[in-house]
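See structure below.
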2 protein chains.
Amino acid sequence: MARTRNHPREGGTRRRGGSSRAGDAVTLEEVARLAGVSTITVSRALNQPDKVAAGTLEKVNRAISQTGYVPNLLAGGLASKKTRMVAAIVPSIANLVYAETMQYFSKRLNEFGYQVMLGESGYPERSEQSLLSAILSRRPDGILLTGVNHSPECRRLLIGARIPVVETWDLTPTPLDLVVGFSHERIGLEVADFIAARGYRRVGTISASDRRAQYREKIMLERLQRHGVTETYRVQIPVPSDMRKGRDGLAELLQRGLGTGVVFCSSDTLAQGALTECLARGLKVPEQIAIIGFGDQSFAADTFPALSTVRIDRPRMGRVAADALLARIDGRPLEEHVIDVGFQIIERGTT
Amino acid sequence: MARTRNHPREGGTRRRGGSSRAGDAVTLEEVARLAGVSTITVSRALNQPDKVAAGTLEKVNRAISQTGYVPNLLAGGLASKKTRMVAAIVPSIANLVYAETMQYFSKRLNEFGYQVMLGESGYPERSEQSLLSAILSRRPDGILLTGVNHSPECRRLLIGARIPVVETWDLTPTPLDLVVGFSHERIGLEVADFIAARGYRRVGTISASDRRAQYREKIMLERLQRHGVTETYRVQIPVPSDMRKGRDGLAELLQRGLGTGVVFCSSDTLAQGALTECLARGLKVPEQIAIIGFGDQSFAADTFPALSTVRIDRPRMGRVAADALLARIDGRPLEEHVIDVGFQIIERGTT
DNA sequence: GGTCAAAATGATAGCGCTGTCATTAACAAG
DNA sequence: CTTGTTAATGACAGCGCTATCATTTTGACC
């Protein structure tokens, strides 16, 4: 067969043979030839420029820009066993609290030449294990996970991968490797104390059916009981949280008998929904219904009234997770394998 | 179970040379040996199971699960020149309209065995070119871009990469390759007509300093002029948009003299901020201030009053972009290279 | 000029997989 | 019993890069 089958998809713009470049992508070898050096020198010029003489460096750089060379990190990664890529698994990127954390995480990593590959574990159709497997196939240098609960198969895969792992959004004394997060238990306790201290006698909760949210709620309710607050109403909503569910949740609490009191929501979004429902019904906030959110998302300070909430320092969590991972990847010693970024109850207008 | 490996997880102390990782990763060869077949057969069992006899397949699968083999897609990609990875560049993942689109885009691609690598172009510190370059180094099989305006260097890189490209969130008769989006011009026109038809005589805008938002605003204002609506007030805010900026924007419009009228915001988030500011000031919506958002994000229907807005079908855009890319990657013919997913003005309670 | 260490560069051998044949097995038809 | 055809499997050569070690060049110093 005389046909070349290099590019089965039709180019549209230009056919082969046009410019200096024949058929395929430029390789190191081509650059080396043009610069009159060996391939390894070009490789060094790219990765350890200080190990190459200034004149050579210049020749190489000229050859690179002349050819429009773009390194092939697949080949590089295969040879060096370093992909300069880090994977991250979050429940959903369409949830701002995770997206924001990822933004800071990626940004930090980018500064050090790493790329982040994002995976969403939120789909029930796709097991976390198959996601993890797909991700590990690309040999990331490290991986970030959300939460500390993983199936035995996942743990096995992670251990087998022998790469640094950082778990986030939770805390555990026995991390797989590293954990950067905060204590949902302490949040539950402190929110309960906060509520009790302000004298609320009736408490409602709107919580997503999310392990961590449920845990905060459970702890809070238990503590509340100890404070003598026993009139509680619970509404559970399926993920993903949105304003509608917050509105509906509040409506249901009301219908169940919560006349006045405070409502603790498992996210600011739900809280904003609850707040809106109060508004729509003409209920005074916080006089009749007080509301506490979770997350301290950017909008929390700007609702009306401004939302009282639990602040999680997501930028810091993202950055600290990135730094910890980088340190482990570089083999630098780490002071702590368990990093608590804490939280803070922010009291604004809704309580 | 021939587990000869030790427990390196403690490590971090091992110096270079000491292959704390990867040195002992299971390879195809090991699986092949255990299954008593050649490596290529294992490869086929994985990638084209129908080309392998049932018995062999079973042997191989047993060997795979015994060894805990995880394929190395770097090696596979290098050899086959197919990475089963698609890159996507969005301005910001912490902006739900993009995050959501990406969610649907990724989901579709995942179903076909592709992984998405996300890049954010929003940082001024990092040029789009360097981002693109970093991404192309990983040899994605295709790439999604946000917008249709790219620097000459970026265009060169993209053309040089010789992979399918889909541009989104805009429309152009001359896409680099494919474009899946909607017309900002038509939105500007229709919103203007909508506003004029309802008899608003005073119009304010709160727009992010984003090329597409500015363009919609410009077109709208021009058309409005033709409708004889000339009392206009414009506020421009820096990205990223948030509720605070919407509130401040509305405050500024009011201060500049917009007594009553309609305000067109470049995003639902800004609109929600504007709405909240009205609420805080006791202004009646829509009687005194009418508000139109953009995007139709999930919360738009649930604000109080519910937000009138321009709906963009993000799930569809994500899916269509994925399908188009998949078709191009597989070399399947495409009916259209320019796909308009349209938009829709949704009238709710704020107008 | 000679010596030696450091700097600069290069040759070689893979990394773990798949494309491309070539080979063998299995089996129906002549 | 050929012959031809398809199914199943394998040998081998890379893909484009970097680790490793070898070699050459440079230059500081006596």
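Chain letters run A, B, ... following the sequence lines, proteins first, then strands; residues in each count from 1.
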- Query: Of Gln103(A), Lys107(A), Met102(A), which meets side chain to side chain contact (heavy atoms under 4.5 Å, CB included) against Glu120(B)?
  - Reply: Gln103(A)
- Item | Interatomic distance, Lys82(A) NZ vs dT18(D) P [rounded to whole Å] | 13 Å
- Query: Which nucleotide, dT18(D), dT9(C), dT18(C), lies nearest any side-chain atom of Val52(A)?
  - Reply: dT9(C)
- Item | Backbone of Ser133(B) reached by a side-chain donor or acceptor of Ser137(B) within 3.5 Å | yes
- Note on the structure: Judged by nearest nucleotide, the residue sitting upstream toward the 5' end of DNA chain D, Ala75(B) or Ala54(B), is Ala54(B)
- Between Lys81(B) and dC17(C), is there a side-chain N or O to OP1/OP2 distance below 4.0 Å? no
- Message: Just the rounded figure in Å: distance from C1' of dA8(C) to CD of Gln48(A).
- Response: 12 Å
- Task: Output yes when at least one side-chain N/O atom of Asn72(A) is less than 4.0 Å from OP1 or OP2 of dC15(D), else no.
- Result: no
- Starting at atom CG of Leu78(B), determine the distance to atom P of dT18(D), rounded to an integer number of angstrom. 12 Å
- Query: Separation of Lys59(B) atom NZ from dG10(D) atom C1', in whole Å?
  - Reply: 13 Å
- Message: Strictly below 4.0 Å: does Thr27(B) bring a side-chain N or O up to OP1 or OP2 of dG16(C)?
- Response: no
- Leu46(A) CG - dG16(D) P separation (whole Å): 16 Å
- Task: Return the nearest nucleotide to the side chain of Ala53(B); candidates are dG16(D), dT9(D), dG10(D).
- Result: dT9(D)
- Query: Within this structure, what is the NZ-to-P distance between Lys51(B) and dT6(D), rounded to whole angstrom?
  - Reply: 13 Å
- Query: For dG10(D), does either OP1 or OP2 sit under 4.0 Å from a side-chain N or O belonging to Thr41(B)?
  - Reply: yes
- Message: Given the structure, check if the side chain of Arg44(B) and the base of dG10(D) hold any donor-acceptor pair shorter than 3.5 Å.
- Response: yes
- Return the value, rounded to whole Å, for the distance between atom CG of Leu57(B) and atom P of dA7(D). 17 Å
- Closest nucleotide of DNA chain C for Leu74(B) versus for Thr56(A): which of these residues is on the 5' side? Thr56(A)
- Nucleotide nearest Ala79(B) (side chain, heavy atoms from C-beta), chosen from dG10(C), dG16(C), dC15(C): dG16(C)
- Where each residue is assigned the nucleotide of DNA chain D containing its nearest heavy atom, which of Ser80(B) and Val37(B) is assigned the position nearer the 5′ end? Val37(B)
- Would you mind reporting whether Leu109(B) and Leu326(B) have side-chain heavy atoms less than 4.5 Å apart? yes
- Is Glu111(B) atom CD crowded by more than 12 heavy atoms from other residues, nucleotides or ligands, each under 6.0 Å away? yes
- Item | Sidechain-backbone polar pair: Asp177(B) side chain, Val166(B) backbone, donor-acceptor under 3.5 Å | no
- How long is the line joining CD1 of Ile40(B) and P of dG14(D), in whole Å? 15 Å
